[in-house]
2 protein chains.
Amino acid sequence: MFRAMHSDDTAVETGAAAIARRLASAILRGQYPPQSLLPGEIELATQFGASRTSVREALKSLSAKGLILSRKKAGTSVRPRADWQMLDRDLLALRLEIGPEHSFATDLLALRQAIEPAAAAAAAQFQDKAAIAVIAGAFAEMEAASHDRKRFVDPDLRFHKAILAASGNEFMMAFGAMIEAGLAAFITISLRHTEAPAPSVPLHHNILKAIEAADPDAARTAMETLLSRTKSNINQDLA
Amino acid sequence: MFRAMHSDDTAVETGAAAIARRLASAILRGQYPPQSLLPGEIELATQFGASRTSVREALKSLSAKGLILSRKKAGTSVRPRADWQMLDRDLLALRLEIGPEHSFATDLLALRQAIEPAAAAAAAQFQDKAAIAVIAGAFAEMEAASHDRKRFVDPDLRFHKAILAASGNEFMMAFGAMIEAGLAAFITISLRHTEAPAPSVPLHHNILKAIEAADPDAARTAMETLLSRTKSNINQDLA
DNA sequence: TAATGCTTTATGTCTGACATAAACGCAATC
DNA sequence: GATTGCGTTTATGTCAGACATAAAGCATTA
């Protein structure tokens, strides 16, 4: 049999988690279109060189994410796209791996434009001092890294997540993965766009100031401004 | 042993799906707080009167929803709330079963106020004729049921889902479950509020007209108006 | 004190078997 | 001919017991 000789190989991964990833990837890429039937569990087990137990655990994961539905005798079929948990962390990460299309980046940005201004306004209203301090801390690190595109990414992400957390709305807090994927897609697509992130620093500062000043409308507007700029950057890079 | 004599009983359900529901419910209710350890798989199996296989498949489901994390030797622990896939269909449904708190309804409504106006505007811009026809169809049924609070719910839900579908944004389409839970929570909380839904019909009509007229701003405004009214209804009922 | 190695333990995987229910085909019937 | 009813088939669902694996905890040692 063919087996990996050393650990850091491109060898075929095994285990339920890997099977789940590979199956999910195949479904996301359209290899198994909605309504179609997956191979039976036994056949999948031989395909992946694993036991039926592991295959079943992998299928359970996909089922929990709304990708598939198993029924006795009928087999396991792919559910319609409308049922997929599109904002699931793992699914978003997978789509980034597969290679984000343009609509992936633009649709995610449109969603950010709906959520984040509302979250910023809510944070300005809610006035959770500890959470606002986290925003301020992230902003300080952004300033410090404002001339290093690579180091900038991490505090930038933390800044936006901290605003979600400060909104006081538990459902808005669930969009961290979406922002992460949105930023990553933006970076992937606009690789040429190597200008330093410095210009966006004052835009972020305006958001922070408005939240600290307990001014919801200003916070909403400032966030809208920042995201509009991101949008025009994307469009510019696609041109 | 105590066993159900007839099928429609309150007997303890068995099977991986039931175990997953009961464990998820326990976690959501705070019986196993974040960072805490769940009982081992073998102990869970005896607790639920099932095999370790079924327990493991149930745990896989919860893991896919971000509720738990299993590590060798260390056991299975509850992840921080920020990692939970709060907008997951099943989790939302579970929280409705458990009994929606007030913050559940109000937080969901705040999210709707962020998403749906944007979706309506996008639908007005995108102009997918077939999808818009679906909205119109749902609206016609709403009109027909405008004096029957019970019959009104279903086309109402379809109306809002159809707008998400017409937005042309695949991520916005993923919020159907959220709207469903939001409506259900509203109904649960405002049971006393038995007035006929007739007053909301013209508000819905305004949204439809704006989308058909390809007027994004009007569509956004009309949706905002409708949701503000819903919000004041909730506040009124809680007073 | 800190590094090392052994033991323990809970999850991870495998195997083979049986249970269950829904789809299918066939036959009897209207 | 269309339909109903009933076994048969088959793929998922569950079970049991065993072994693999890796990380945590402890004891030992430099």
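Below, chains carry the letters A, B, ... as their sequence lines are ordered, and counting in each starts from 1. Only a predicted model underlies this, so the values are computations on that prediction, with no experimental measurement involved.
Under the 30°/60° scheme for interplanar angles, the aromatic rings of A:F171 and B:F104 are found to stand perpendicular. The aromatic rings of A:F152 and A:H204 sit perpendicular to each other, their planes meeting at more than 60°, with 30° as the lower class boundary.
Atom CG of A:L59 and atom P of D:dT12 are 8 Å apart (whole Å). Between A:I42 atom CD1 and D:dG13 atom C1' the separation is 13 Å, expressed in whole Å. In this structure, B:K60 places its NZ atom 12 Å from P of C:dT11, rounding to the nearest Å. Following rounding to the nearest Å, A:K72 (NZ) and C:dA22 (C1') show an atom-to-atom distance of 9 Å. Remark: C1' of D:dT10 and CG of A:L37 are 13 Å apart, rounded to the nearest angstrom. Whole-Å rounding puts the B:E41 CD to D:dA18 P distance at 18 Å. When rounded to the nearest whole Å, the span between CZ of B:F48 and P of D:dC15 equals 13 Å. Computed from coordinates, the B:E57 CD to C:dT11 C1' distance equals 15 Å when rounded to whole Å.
Contact annotation: A:T76 side-chain N/O to D:dT12 OP1/OP2 distance is under 4.0 Å. Considering only side-chain N and O atoms, A:S54 lies under 4.0 angstrom from the phosphate OP1 or OP2 of C:dC14.
The nearest heavy atom of DNA chain C to A:A17 and to A:R52 marks one nucleotide each, and the one closer to the 5' end goes with A:A17. Both A:P39 and B:K73 lie near DNA chain D, and the one whose nearest nucleotide falls closer to the 5' end is A:P39.
Across all strands, B:T53 comes closer than 4.0 Å to base atoms (heavy-atom distances). At the heavy-atom level, B:R56 lies under 4.0 Å from base atoms of the strands shown.
Taking OG1 of A:T106 as the reference point, atom CD of A:Q113 lies at 10.5 Å (rounded to 0.5 Å). Taking CG of A:L164 as the start and CG of A:N169 as the end, the distance is 9.5 Å to the nearest 0.5 Å.
Using a 4.0 Å cut-off between a side-chain N of Lys or Arg and a carboxylate O of Asp or Glu, B:R151 and B:E141 do not qualify as a salt bridge.
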